[in-house]
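Encoded as structure tokens, the structure appears first; notes follow it.
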Amino acid sequence: MTTTKTRITDLLGIKYPIIQGGMAWIAEHTLAAAVSNAGGLGLIAGGSAPIDYLREQIRLTKAAVGDKPFGVNIMLMSPNAEELAQLVIDEKVPVVTTGAGNPGKFMAAWKEAGIKVIPVIPSVALAKRMERAGADAVVAEGTESGGHIGENTTMCLVPQVVDALEIPVIAAGGIADGRGIAAAFMLGAEGVQLGTRFLAADECQVHQTYKDLVVGAKDTDSIVTGRYTGHPCRNVKTKFSKRLANGEKDGSLTPDEFEQITLGSLRKAVQDGNLEEGSFLCGAIAGLVKKTEPAKDMIEEMFSQAEELLNK
Ligand code: TUI
């Protein structure tokens, strides 16, 4: 068995079946280009950034990767989703991933433009809808992931999505080394998406405080906040995220107050390293991430380990 040639590497024209999470405020051109140049698929996060900024990010990435593919993630809850859906067509972006909603209404236009579309989904029902709508693959994302999450775990979700679909499945959530990649392949995935491990890439431009939190995290350092708002988010445990969790639990923060306090909190974490008011989104696997290094070294080391395990 080999991990390195799958329907995902064929579909995307990449060397290793790995895509980088489209982490809002985090995934910009230096990280995306590093991952694509290392043989994976780098992603630029649409998040809710201004369109002119994203156009520039796309052009910088194109200049850095040459003819290697890269993608843009569109966060569907974002107010700029419509505009960004058109920008990826205008800029001839080869791959689009989507999160936090159903991209059905954009699908026909993207397919018409020749874009490969890979929705991130938290359930079998949505995965089936995406396949019917023409998705080329899906990312089945377990609740171990950082950021906005669904309920099911990677271990439970991935094989059920694999069984339900014909198109290839990429596993996400709780994967940060070659063992996780090998496990995902055993569940039937043909690719993996990693976010948390890439937070520690040298090319990832988050504030040093953010990297220190990820690299210093232990197994119990992740917490889910905001379930009562309908938008649960996995973060690193900090004074701020613990205050949010307590406010939710003891009723001292209403859902509206919670939304108000967290507005802009990801930017404060990423750009300012603000421990008092920032949300340091991060997956439950952070405890496995022990050092910062170039994305290329991460990818090569992980696939060498995964190959060895799967060939045993
Ligand atoms: O989207 C993510 N992770 C994210 S987005 C984000 S930014 C954010 N900011 C404020 C509030 C919420 C998010 C940080 N992390 N992952 C992919 C993902 N998609 N996880 C869950 C879903 C999802 C949820 C519901 C996908 C589809 C869906 O469909 C609902 C429907 O319309 O049927």
Side-chain angles (χ1 to χ4, degrees), residues 19-28 43-49 54 71-81 84 96-107 117-133 135 137-154 157-158 161 169-175 192-196 198-199 206 210 222-236 241 244 248 255-256 258-271 278-286:
I19 74 178
Q20 163 234 318
M23 301 169 281
W25 283 101
I26 296 171
E28 40 58 83
L43 289 182
I44 300 162
S48 43
L54 291 169
V72 169
N73 174 263
I74 302 186
M75 212 274 276
L76 293 162
M77 268 169 32
S78 149
N80 74 358
L84 187 48
V96 165
T97 69
T98 64
N102 181 343
K105 67 174 175 176
F106 303 121
M107 204 72 104
V117 184
I118 310 183
V120 179
I121 51 86
S123 69
V124 169
L126 197 60
K128 284 179 162 170
R129 288 222 304 271
M130 293 300 96
E131 181 173 66
R132 279 200 300 274
V138 294
V139 175
E141 189 186 86
T143 196
E144 298 91 326
S145 303
H148 179 47
I149 45 171
E151 291 291 340
N152 216 339
T153 62
T154 304
L157 180 65
V158 170
V161 174
V169 175
I170 296 165
I175 305 171
V192 289
Q193 176 184 281
L194 272 60
T196 300
F198 287 127
L199 286 171
V206 294
Y210 204 142
S222 120
I223 187 169
V224 178
T225 56
R227 280 215 159 85
Y228 70 159
T229 66
H231 307 130
C233 248
R234 188 179 296 282
N235 314 246
V236 184
S241 60
L244 293 175
E248 179 174 2
D256 276 355
F258 181 102
E259 297 275 22
Q260 211 50 48
I261 296 181
T262 51
L263 200 68
S265 63
L266 179 53
R267 189 201 62 72
K268 288 177 187 165
V270 172
Q271 294 185 346
S279 290
F280 295 82
L281 305 188
C282 183
I285 199 68

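Note that the coordinates shown come from a computational prediction; the quantities given were computed from them, not determined experimentally. Just the heavy atoms: all of them, side chains too, but no hydrogens, waters or symmetry mates, feed the values below. We count ligands from 1, going down the list as the structure has it; atoms in each ligand are counted the same way.
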[Y] backbone acceptor or donor facing [X] side chain under 3.5 Å:
{"X": "Asn152", "Y": "Gly150", "answer": "no"}
{"X": "Thr262", "Y": "Ser265", "answer": "no"}
{"X": "Tyr210", "Y": "Leu281", "answer": "yes"}
{"X": "Thr225", "Y": "Ser241", "answer": "no"}
{"X": "Glu248", "Y": "Arg227", "answer": "yes"}

Ala100 N/O under 3.5 Å from ligand 1 N/O:
yes

Side-chain touch Asn102/Leu126, heavy atoms, less than 4.5 angstrom
yes

At under 4.0 Å between heavy atoms, is it the side chain or the backbone of Leu126 that contacts ligand 1, or both, or neither?
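Contact part for Leu126 vs ligand 1: side chain (C-beta onward).
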
[atom]: nearest protein contact (heavy atom, Å):
{"atom": "atom 30 (C) of ligand 1", "result": "Gly101 CA, 4.3 Å"}
{"atom": "atom 3 (N) of ligand 1", "result": "His148 O, 3.4 Å"}
{"atom": "atom 24 (C) of ligand 1", "result": "Pro122 CG, 3.8 Å"}
{"atom": "atom 7 (S) of ligand 1", "result": "Met75 CE, 3.6 Å"}
{"atom": "atom 33 (O) of ligand 1", "result": "Arg129 NH2, 3.4 Å"}
{"atom": "atom 16 (N) of ligand 1", "result": "Glu141 OE1, 3.2 Å"}

Hey, which atoms in ligand 1 end up nearer than 4.0 Å to a heavy atom of Asn102?
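Counting atoms of ligand 1 from 1, those under 4.0 Å from Asn102 are 32 (O).
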
Could you tell me, atom by atom, which parts of ligand 1 come under 4.0 Å of a heavy atom of Gly147?
14 (C), 15 (N)

Can you tell which of Met77, His231, Met130 gets a heavy atom nearest to atom 10 (C) of ligand 1?
Met77

To the nearest 0.5 Å, what is the distance between CZ on Phe198 and CD on Gln193?
10.0 Å

Intermediate values then yes/no, side-chain contact (heavy atoms from CB on, under 4.5 Å), Phe106 and Ile74:
CA-CA 11 Å; Phe106 303 121; Ile74 302 186; 5.7 Å; no

